[in-house]
Amino acid sequence: MAEAVIVGGIRTPFVKAGDRLKDSPAPDLGRWVVRECIDRFDLPVDVVDEVIAGNVASPVDAANVARVIALRAGVPRDRIAHTVCRNCGSGFESVTEAVDRIRAGLARCIIALGVDSMSNIPLFWKKSLTEKVWAAMRAKSVTAKLAAVARIRPSDLKPQIGLQLGLTDPVSGLIMGETAEKLAREFRISREAQDAFALRSHQRAVAAWESGRLAEETMTVYPEPDLEPLPRDIGPRENQSLEALAKLKPYF
């Protein structure tokens, strides 16, 4: 059995949904990191056997987002690429599959990545609106088209939030945050303990940036439309405190 090792890795900065990377869809985010890996680690594209991408919110215009990323990053067309989904573990699943394929002798070099753009998860419309729009499109005359459009009601126009649907389990009916609340009660994890954990997370992230550790694994990107450089994460707060966290209202 062949040995599988990670020879290099890079990521884009993390930002809040709707922030600096809101105009950068998942295929672009993936292309940036794959191309950066190839250039930074002097990886000849000819030795890449496969690209595997972990993805949760599949872009409607790039169903097999791994293939789109591979082609746009300059990986040869005759190399295969596929996308895996395991919800929040999708990025790790891509690495796991890469290891399995290398150990099985099916590949020698694989680029594995995780990619999602929460800013670009779309809104969905009700089926009732879809049916009425289809009826208008199939209508043969202007009068029939207007009659079909006239059947659209305000209730048909209420959108469904794709992100909310994706984070809601269809079996239990619970959204991810509600599951967290349930577990907190079950395991008796207090609000104070959660705030303390959150504070340590901020402090460790800030310290890692100050030491240069996170800078080594994060590439600078130049998102549209302003193309201003984005070299680091947006999120960790240097002045975070338990007092500030205690004032936050529970979201769920």
Side-chain angles (χ1 to χ4, degrees), residues 4-59 61-85 88-99 101-102 107-120 205-206 208-236:
V5 298
I6 297 176
V7 298
I10 199 70
R11 67 173 176 86
T12 65
F14 295 136
V15 304
K16 299 176 181 179
D19 208 303
R20 290 286 309 279
L21 296 179
K22 64 182 177 64
D23 295 316
S24 304
D28 285 349
L29 298 175
R31 172 177 59 87
W32 294 343
V33 294
V34 171
R35 190 67 239 179
E36 182 73 11
C37 276
I38 291 171
D39 295 339
R40 182 175 297 203
F41 303 110
D42 296 322
L43 177 66
V45 292
D46 290 341
V47 306
V48 177
D49 297 313
E50 186 172 354
V51 174
I52 304 175
N55 176 252
V56 180
S58 179
D61 57 346
N64 184 8
V65 69
R67 180 63 172 167
V68 177
I69 289 170
L71 292 175
R72 291 181 178 175
V75 176
R77 287 177 172 269
D78 61 349
R79 310 306 155 87
I80 60 177
H82 74 274
T83 305
V84 297
C85 178
C88 294
S90 298
F92 284 114
E93 181 65 22
S94 71
V95 176
T96 299
E97 288 207 11
V99 170
R101 294 181 68 81
I102 290 173
R108 290 178 56 85
C109 178
I110 296 177
I111 297 177
L113 68 144
V115 61
D116 266 295
S117 173
M118 296 179 71
S119 303
N120 289 286
V206 170
W209 275 110
E210 291 178 347
S211 70
R213 179 180 176 182
L214 288 183
E216 294 175 359
E217 67 180 44
T218 307
M219 63 178 289
T220 298
V221 298
Y222 300 84
E224 295 182 347
D226 54 23
L227 299 180
E228 288 294 321
L230 176 62
R232 60 183 293 165
D233 298 335
I234 297 176

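Computation of the quantities below employed the complete heavy-atom set of this structure, encompassing side-chain atoms and omitting hydrogens, waters and symmetry-equivalent molecules.
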Kindly list each side-chain donor-acceptor pair under 3.5 angstrom involving residues 69-77, sequence neighbours excluded, with atom names and distances?
none

Donor-acceptor pairs under 3.5 angstrom involving side-chain atoms of residues 16-32: please list them, not counting sequence neighbours.
unit_1	atom_1	unit_2	atom_2	d
Arg20	NH2	Glu228	O	2.7

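Of all heavy-atom pairs spanning Ala66 and Ala53, the tightest one is CB-CB, 3.6 Å. The two residues Pro229 and Tyr222 have their closest heavy-atom pair at CB-CE2, 3.5 Å. Minimum interatomic distance between Ala205 and Leu214 (heavy atoms only, all atoms of both residues): O-CD1, 3.9 Å. Across Asn64 and Ala81, no two heavy atoms sit closer than the pair ND2-O, 3.2 Å.
Proximity of a side-chain donor or acceptor of Thr83 to a complementary backbone N or O of Val65 within less than 3.5 Å is detected. Side-chain atoms of Ser94 come within 3.5 Å of backbone atoms of Leu113 as a donor-acceptor pair (strictly under, hydrogens ignored). Looking only at distances, a side-chain donor or acceptor of Asn55 sits under 3.5 Å from a matching main-chain atom of Val115.
The line from OG of Ser58 to CG of Asp116 is 9.0 Å long, rounded to the nearest 0.5 Å. In this structure, the separation between CZ on Arg40 and CE on Met219 is 7.5 Å, given to the nearest 0.5 Å. The structure places CZ of Arg79 at 12.5 Å from CD1 of Ile110, a figure rounded to the nearest 0.5 Å. Between the CZ atom of Arg35 and the CG atom of Leu43 there is a distance of 9.0 Å, given to the nearest 0.5 Å. Here the straight-line distance linking atom OG1 of Thr12 with atom CZ of Arg232 works out to 14.5 Å at 0.5 Å rounding. Between Ile10 atom CD1 and Thr218 atom OG1 the span is 6.5 Å, to the nearest 0.5 Å.
Residue Ile6 places its CD1 atom among 12 or fewer non-hydrogen atoms of other residues, nucleotides or ligands, all under 6.0 Å distant. Open room surrounds CZ on Phe92; 12 or fewer heavy atoms of other groups in view lie less than 6.0 Å from it.
By the 4.5 Å heavy-atom criterion applied to side chains, Pro223 and Leu230 are counted as neighbours. Put simply, the side chain of Val221 does not reach to within 4.5 Å of the side chain of Glu36, judged on heavy atoms. Proximity of Asp49 to Arg101: side-chain heavy atoms (C-beta onward) are nowhere separated by under 4.5 Å.
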